[in-house]
Amino acid sequence: MNRLTLSAGRSNAEALKELATIVHHLGFEYCSYVLQIPTLVSEPSVTWASTYPAAWLEHYFANKYLEIDPVIQRTSSPELSPVVWTDDLFESQPAFWEEAKSHGIRHGWAFTTHGKRMTTGMLSLARSHEVVTSSELAETEMKLVWLSHIIHGLISTAEIQRLMPISDCELTARESEVLRWSAAGKTADEIGRILGISERTVTFHISSSLTKLDVTNKTQAVAKAMLLGML
């Protein structure tokens with residue numbers, strides 16, 4: 001963990017390079033990590049780092065395979081267990097799968113992680129030879145899952161600080177409470193009745209929150225407060 005922490009302080013690429021060294025001892029030639037961070041716009045911020053073969057990466061991004069990669073698509077799945085690559089996993093993208101194998105990306109393992117600020121990440125490990133077996137995973141999978149959580153924490157922390165600097169504002173307990181009820185779909189009148197305050201007072205707290213969070217409406221206020229961990 002100390003090695004990963006020191007490398008993460010330099011860059012995401014350095015962190016993944018250090019991770020690649022570690023997972024190499026666990027039987028994998030390549031590793032990649034993709035992190036998605038929700039933002040106030042429609043598309044999430046995506047961070048990617050990989051030690052896969054340069055020719056495959058060039059081909060992958062030139063053809064926008066990030067949008068169709070069945071492994072990456074699992075980051076939006078509620079499935080929490082690790083996945084071992086099989087032909088069934090790539091059934092929807094057979095041409096993609098054949099191209100990956102032609103570049104030596106034949107056998108692999110992946111695990112999705114979830115963290116602070118609603119971040120979602122996926123660590124993918126691959127190799128050109130030898131099927132990933134159950135007996136192998138019985139010895140190594142707990143280590144791989146632990147590494148997935150560690151790399152998620154390190155990279156997501158750096159990216160969150162870059163994309164969403166810690167706000168110097170603080171919401172009052174009442175402002176946070178009002179926004180939480182707003183997030184639940186309650187109107188100002190309903191919130192007032194729930195909290196035992198007037199609708200006008202609820203509107204005052206919402207307006208104060210908009211100013212503090214530097215947003216223009218209640219929906220943006222709720223979204224930003226959630227992303228900043230204020231709710």
Side-chain angles (χ1 to χ4, degrees), residues 4-5 7-20 22-23 28 30-52 56-85 89-90 92-93 96-97 100 105 108-126 141 144-167 183 213 215 219-231:
L4 283 173
T5 302
S7 61
R10 294 189 290 271
S11 70
N12 292 338
E14 284 296 316
L16 202 75
K17 183 178 179 181
E18 185 61 48
L19 180 64
I22 295 171
V23 299
F28 292 92
Y30 313 113
C31 66
S32 71
Y33 184 76
V34 60
L35 175 75
Q36 296 188 42
I37 301 177
T39 64
L40 292 180
V41 295
S42 59
E43 293 297 324
S45 167
V46 178
T47 299
W48 173 286
S50 177
T51 64
Y52 280 36
W56 169 240
L57 291 177
E58 182 178 354
H59 184 73
Y60 186 100
F61 287 111
N63 288 278
K64 299 182 180 180
Y65 283 162
L66 188 63
E67 300 174 5
I68 67 165
D69 187 339
V71 177
I72 299 299
Q73 289 179 348
R74 280 183 62 93
T75 59
S76 60
S77 167
E79 177 62 54
L80 297 177
S81 59
V83 57
V84 176
W85 297 4
L89 177 64
F90 297 94
S92 64
Q93 298 293 341
F96 166 85
W97 183 219
I105 311 301
W109 176 97
F111 183 63
T112 300
T113 49
H114 302 276
K116 294 172 60 177
R117 309 290 196 270
M118 296 180 285
T119 55
T120 303
M122 173 171 279
L123 176 65
S124 298
L125 309 177
E141 192 159 65
L144 299 178
V145 168
W146 182 80
L147 287 169
S148 298
H149 286 293
I150 292 298
I151 201 68
H152 184 132
L154 292 173
I155 293 182
S156 65
T157 296
E159 289 302 301
I160 287 172
Q161 290 175 347
R162 181 179 68 83
L163 292 169
M164 297 181 290
I166 296 175
S167 175
L213 293 167
V215 294
T219 300
Q220 290 180 356
V222 169
K224 188 168 184 178
M226 291 181 68
L227 290 173
L228 292 174
M230 293 180 172
L231 301 184

Spacing of [X] atom [atom1] and [Y] atom [atom2] [to the nearest 0.5 Å]:
{"X": "H152", "Y": "L123", "atom1": "NE2", "atom2": "CG", "answer": "11.5 Å"}
{"X": "L19", "Y": "E14", "atom1": "CG", "atom2": "CD", "answer": "12.5 Å"}
{"X": "I150", "Y": "I155", "atom1": "CD1", "atom2": "CD1", "answer": "12.0 Å"}
{"X": "T112", "Y": "Q36", "atom1": "OG1", "atom2": "CD", "answer": "9.5 Å"}
{"X": "F28", "Y": "S124", "atom1": "CZ", "atom2": "OG", "answer": "10.5 Å"}
{"X": "L35", "Y": "T113", "atom1": "CG", "atom2": "OG1", "answer": "7.5 Å"}

If you compare all heavy atoms of [X] against all heavy atoms of [Y], which two are closest, and at what distance to 0.1 Å?
{"X": "Y33", "Y": "G121", "answer": "OH-CA, 3.4 Å"}
{"X": "I105", "Y": "Y52", "answer": "CD1-CD2, 3.8 Å"}
{"X": "S32", "Y": "L16", "answer": "CA-CD2, 4.0 Å"}
{"X": "A110", "Y": "W85", "answer": "CB-NE1, 4.1 Å"}
{"X": "A225", "Y": "L213", "answer": "CB-CD1, 4.1 Å"}

Does T51 use its side chain to pair, donor to acceptor, with the backbone of C31 at less than 3.5 Å? yes
Distance-only, no hydrogens or angles: does the Q73 side chain make a donor-acceptor pair with backbone N or O of E67 under 3.5 Å? yes
Side-chain touch [X]/[Y], heavy atoms, less than 4.5 angstrom:
{"X": "L57", "Y": "S50", "result": "yes"}
{"X": "V23", "Y": "Y30", "result": "no"}
{"X": "E141", "Y": "F111", "result": "no"}
{"X": "T119", "Y": "E159", "result": "no"}

Test log, rule side chain to side chain contact (heavy atoms under 4.5 Å, CB included), inputs D69 and Y60: CA-CA 9 Å; D69 187 339; Y60 186 100; 2.7 Å; yes
Determine, step by step, whether W56 and F96 satisfy the ring pair (Phe, Tyr, Trp, His ring centres under 6.0 Å) criterion, reporting the C-alpha distance in whole Å, the side-chain angles of both residues, the deciding distance to 0.1 Å, and the verdict. CA-CA 11 Å; W56 169 240; F96 166 85; 5.8 Å; yes
Hey, can you tell me if W48 and F61 have their rings parallel, tilted or perpendicular (30° and 60° cut-offs)? perpendicular
